[in-house]
Amino acid sequence: MNPLKAANWALALVIIGWPLSYYGAMPNQLGDPAPHRLGEPAPMITQAMYEAYQLRSFAFLTVGILCLLGSVWLSGHSFTTAKVRSTVSALAVVLPSIAVVLSLVL
């Protein structure tokens with residue numbers, strides 16, 4: 001793949017990856033069958049519906065993380081040709097990740 005196209009794809013994957021990861025990781029999103037009561041499903045939600053929601057959330061999270069990892073790989077691949085774009089895409093993955101980890105620790 002052309003390094004210039006790889007740098008563009010890296011930026012696009014960052015833009016796609018973060019919303020997908022957020023939607024998959026955060027509770028109380030649209031369609032969440034348990035938006036209340038400490039993560040317990042509402043009484044009218046069947047077990048199958050709740051498991052389908054959990055599977056969908058896991059799928060969004062997995063695809064989002066794969067997009068972010070692919071973005072880092074593509075930015076490394078294109079660093080020699082497109083230094084600014086590859087650095088911006090790598091920082092757009094790494095800096096928010098550090099902020100998330102620090103918010104969990106502190």
Side-chain angles (χ1 to χ4, degrees):
M1 178 182 279
N2 183 3
L4 295 175
K5 286 185 181 181
N8 292 337
W9 275 104
L11 287 171
L13 286 176
V14 168
I15 293 170
I16 294 168
W18 277 117
L20 288 175
S21 298
Y22 175 81
Y23 183 78
M26 292 305 206
N28 299 329
Q29 297 298 316
L30 295 175
D32 185 357
H36 63 304
R37 296 189 348 184
L38 301 173
E40 296 176 9
M44 62 266 188
I45 301 298
T46 64
Q47 184 67 25
M49 290 172 65
Y50 191 68
E51 288 174 359
Y53 167 75
Q54 286 180 328
L55 184 63
R56 186 180 66 218
S57 293
F58 181 72
F60 274 101
L61 181 62
T62 303
V63 171
I65 289 173
L66 288 176
C67 285
L68 294 174
L69 290 175
S71 172
V72 170
W73 184 81
L74 286 172
S75 67
H77 173 69
S78 64
F79 184 72
T80 57
T81 306
K83 290 186 179 159
V84 174
R85 280 181 281 176
S86 63
T87 304
V88 167
S89 64
L91 288 177
V93 172
V94 172
L95 292 179
S97 300
I98 291 172
V100 168
V101 169
L102 287 178
S103 71
L104 293 173
V105 173
L106 298 178

Nearest atoms (heavy-atom pairs only) where Pro96 meets Trp18: CB-CZ2, 3.6 Å
Residue pairs fulfilling side-chain hydrogen bond (donor to acceptor under 3.5 Å, both in side chains) with at least one residue in residues 59-80, sequence neighbours excluded: none
Contact check, side chains of Leu61 and Ser57, non-hydrogen atoms, under 4.5 Å: no
Co-membership, hydrophobic cluster, residues Leu102 and Val94, 4.5 Å side-chain: yes
Residues clustered with Phe79, ILVMFWY side-chain links under 4.5 angstrom: none
CG on Leu68 to CD1 on Ile16, rounded to 0.5 Å: 10.5 Å
Hydrophobic cluster partners of Leu95 (side-chain heavy atoms under 4.5 Å): Leu91
Pairs flagged by side-chain hydrogen bond (donor to acceptor under 3.5 Å, both in side chains) wherever residues 87-104 is involved - sequence neighbours left out: none
Non-neighbouring partners of Gln54 that pass side-chain hydrogen bond (donor to acceptor under 3.5 Å, both in side chains), sequence neighbours left out: none
Ignoring hydrogens and angles, write down the donor-acceptor pairs under 3.5 Å from the side chains of residues 3-14, residues two or more places apart or on other chains.
unit_1 : atom_1 : unit_2 : atom_2 : d
Asn8   : OD1    : Arg85  : NH1    : 2.6
Asn8   : ND2    : Leu4   : O      : 3.4

Nearest heavy-atom neighbours spanning Met26 and Tyr53: O-OH, 4.3 Å
